[in-house]
Asks: 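Please read through the structure below; I'll follow up with questions.
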Amino acid sequence: MPAAEFSANQARSYGDASEPIGISKTVGPHGTPQFVRPLVQGYVTLYGGENAQGDKRYYLQPTDSTYLIEVPPSTARLTFHRLLAGCSSLDFGDDATVRQYPYNYSGMTRLIMAYNTCRQPSQPSKLAKATSGLRASFGLKAGLNWSDFSLSATPYEGNHTQAIGYQGGAFLHFTTKTRFSVQVEATYLALRSNYGPTDAYTGTSLYSATSSVSIRYSQVQMPLLLRYTLGYGNVRPYINAGPSYGLNFKNQSATIRQRSDQAQAEHYTLGHPDRSSLGWVGGVGLLIDRPALPILSVEARFDKLVDGLGYIAYTPHHNTFRLDLGIAF
């Protein structure tokens, strides 16, 4: 479907399901409508936008006015004198007051909030949500993983079993009005796998032996993900990928040797992986975003991390497939 363009004369506002981004307002007593962005709503309302020349401007609408009044940066002090009178705590003839409230988003919103509180303390002002820049949401996630390891110079042989682990953690998701977003995570993973048993050399024919490997260690994984979300509906698929750092600890990995002439198996500590892992992760998922409810997600992810940066003869690594369920607030 081709894109359609609307002017401020043709549409009252535009935005998304949560709030308007632009509102059509008349600037000046005999001006034409243009799109502006609400910043502060109250006794005096503040808007931001661009003038006909494309320059960034701020606009005021006093409580008894049906149109907006532009605040030019070169004559802002005179405009404040005329429109924001009657508050003894705001002296616009004082250079200190002007410096305290500069002509930018922070200065103008603080000025109008202070003026409204001074003139109408019983009528609270409302600071509108930012319609540009990043918005942050906090979430929790948990799930199961399946891993395959290469932590030894000799490839593991035999059956690969008991490879199911689990994970859980938290994330911060930073979104914009575009389909791109960024997510940072801190997730605890319990990584598991068994390999073998296989026949082991004993050096004699008097008894036989088998060897198996048990991988057991924990990791805190901290990826930085770039996400692309398709669509703007209540159910939205997405893909993401990015680099990841893993902090490894609680290593109980071991090579297990069982001789036929011994009742108990011998355990030899498998000292890998390194303390740190580096690699990349990527996945696909689905967001379920219902009004007034937390955002739910389900995601399938693949992790590929190098676990032995200090080793030259070989490079220990592991691959993990993950399934995560998440909730964001």
Side-chain angles (χ1 to χ4, degrees), residues 133-151 160 162-176 179-194 214-230 234-253 270 272-290 292-309 316-329:
L134 295 179
R135 296 182 183 179
S137 59
F138 171 78
L140 301 173
K141 62 188 311 183
L144 299 175
N145 62 69
W146 182 95
S147 300
D148 188 19
F149 299 85
S150 175
L151 303 183
H160 181 197
Q162 299 182 26
I164 303 298
Y166 59 90
Q167 69 269 349
F171 60 86
L172 280 175
H173 189 209
F174 300 93
T175 61
T176 68
R179 295 184 180 184
F180 288 97
S181 58
V182 176
Q183 182 162 303
V184 292
E185 300 178 1
T187 305
Y188 169 84
L189 293 94
L191 300 172
R192 307 284 185 262
S193 269
N194 281 3
S214 173
I215 305 295
R216 297 287 186 277
Y217 70 92
S218 300
Q219 181 182 83
V220 172
Q221 191 180 109
M222 291 165 279
L224 175 62
L225 300 169
L226 177 64
R227 173 183 293 184
Y228 180 79
T229 304
L230 285 72
N234 291 332
V235 179
R236 306 189 295 273
Y238 66 86
I239 57 175
N240 60 22
S244 183
Y245 168 77
L247 178 64
N248 304 315
F249 60 98
K250 201 177 179 181
N251 185 14
Q252 299 174 333
S253 303
L270 190 60
H272 311 319
D274 278 1
R275 183 68 172 173
S276 298
S277 298
L278 290 173
W280 63 271
V281 302
V284 297
L286 197 66
L287 296 175
I288 303 173
D289 186 2
R290 304 290 296 178
L293 293 176
I295 299 176
L296 304 178
S297 64
V298 57
E299 179 181 327
R301 181 181 294 182
F302 175 74
D303 303 346
K304 186 174 185 64
L305 274 74
V306 175
D307 300 310
L309 302 178
H317 66 272
H318 77 272
N319 301 324
T320 299
F321 294 93
R322 291 169 45 181
L323 183 64
D324 286 297
L325 299 177
I327 182 170
F329 306 92

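The figures here come from the full heavy-atom set of this structure, side chains too, leaving out hydrogens, waters and symmetry mates. Residue numbers start at 1 and run along the sequence shown.
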Asks: How far does CG of Asn145 sit from CG of Asn319, to the nearest 0.5 angstrom?
Replies: 12.0 Å
Asks: Under 3.5 Å, side-chain donor or acceptor atoms of residues 321-329 against the rest of the protein: list the pairs with distances, not counting sequence neighbours.
Replies:
| unit_1 | atom_1 | unit_2 | atom_2 | d |
| --- | --- | --- | --- | --- |
| Arg322 | NE | Asp324 | OD2 | 3.4 |
| Arg322 | NH1 | Gln221 | OE1 | 3.2 |
| Arg322 | NH1 | Asp303 | OD2 | 3.2 |
| Arg322 | NH2 | Asp324 | OD2 | 3.1 |
| Asp324 | OD1 | Gln167 | NE2 | 2.8 |

Asks: Are any non-hydrogen side-chain atoms of Gln183 and Leu172 less than 4.5 angstrom apart?
Replies: no
Asks: Can you name the nearest heavy-atom pair linking His317 to Asp307, along with the distance?
Replies: C-OD2, 3.2 Å
Asks: Please report the C-alpha distance between Asn248 and Ser277 in whole Å, then the side-chain angles of each, then the deciding distance to 0.1 Å, and finally whether the side-chain contact (heavy atoms from CB on, under 4.5 Å) criterion is met.
Replies: CA-CA 7 Å; Asn248 304 315; Ser277 298; 2.8 Å; yes
Asks: Is there a side-chain contact between Pro316 and Asp274, using heavy atoms and a 4.5 Å cut-off?
Replies: no
Asks: OG/Ser218 to CG/Leu189 distance, rounded to the nearest 0.5 angstrom?
Replies: 9.0 Å
Asks: Would a distance-only check, ignoring hydrogens and angles, find a side-chain to backbone donor-acceptor pair under 3.5 Å from His160 to Ser147?
Replies: yes
Asks: Could you report the tightest heavy-atom contact between Gly246 and Leu305, atom names first, then the distance?
Replies: N-CD2, 4.2 Å
Asks: Just by distance, do the side chain of Ser297 and the backbone of Leu286 share a donor-acceptor pair under 3.5 Å?
Replies: no
Asks: Kindly indicate whether the side chain of Tyr238, heavy atoms from C-beta on, has any atom under 4.5 Å from the side chain of Glu299.
Replies: yes
Asks: To the nearest 0.5 Å, tell me how far Ile288 CD1 sits from Leu293 CG.
Replies: 11.0 Å
Asks: Would you say Gln162 and Arg216 make side-chain contact, with heavy atoms under 4.5 Å?
Replies: yes
Asks: Return the minimal non-hydrogen interatomic distance between Val235 and Pro237, and the atom names on each side.
Replies: O-CD, 4.1 Å
Asks: In Å, rounded to the nearest 0.5 Å, how long is the span from CG of Leu225 to CD of Glu185?
Replies: 5.0 Å
Asks: Within the structure provided, determine whether Arg192 and Ile164 are in side-chain contact (heavy-atom separation under 4.5 Å).
Replies: no
Asks: So which heavy atom on Ala170 is nearest to which on Phe138, and how close?
Replies: CB-CE1, 3.8 Å
Asks: Would you check if His318 and Leu191 make a side-chain contact, meaning some heavy-atom pair closer than 4.5 Å?
Replies: yes
Asks: Report the relative orientation of the aromatic rings in Tyr188 and Phe249; use parallel for angles under 30°, tilted for 30 to 60°, perpendicular for over 60°.
Replies: tilted
Asks: Distance from Leu226 atom CG to Asn240 atom CG, nearest 0.5 Å?
Replies: 8.5 Å
Asks: Check whether the ring centres of Trp280 and Phe302 lie less than 6.0 Å apart, and answer yes or no.
Replies: yes
Asks: Go through Val184 and Met222 one step at a time and tell me if the side-chain contact (heavy atoms from CB on, under 4.5 Å) criterion holds.
Replies: CA-CA 7 Å; Val184 292; Met222 291 165 279; over 6 Å; no
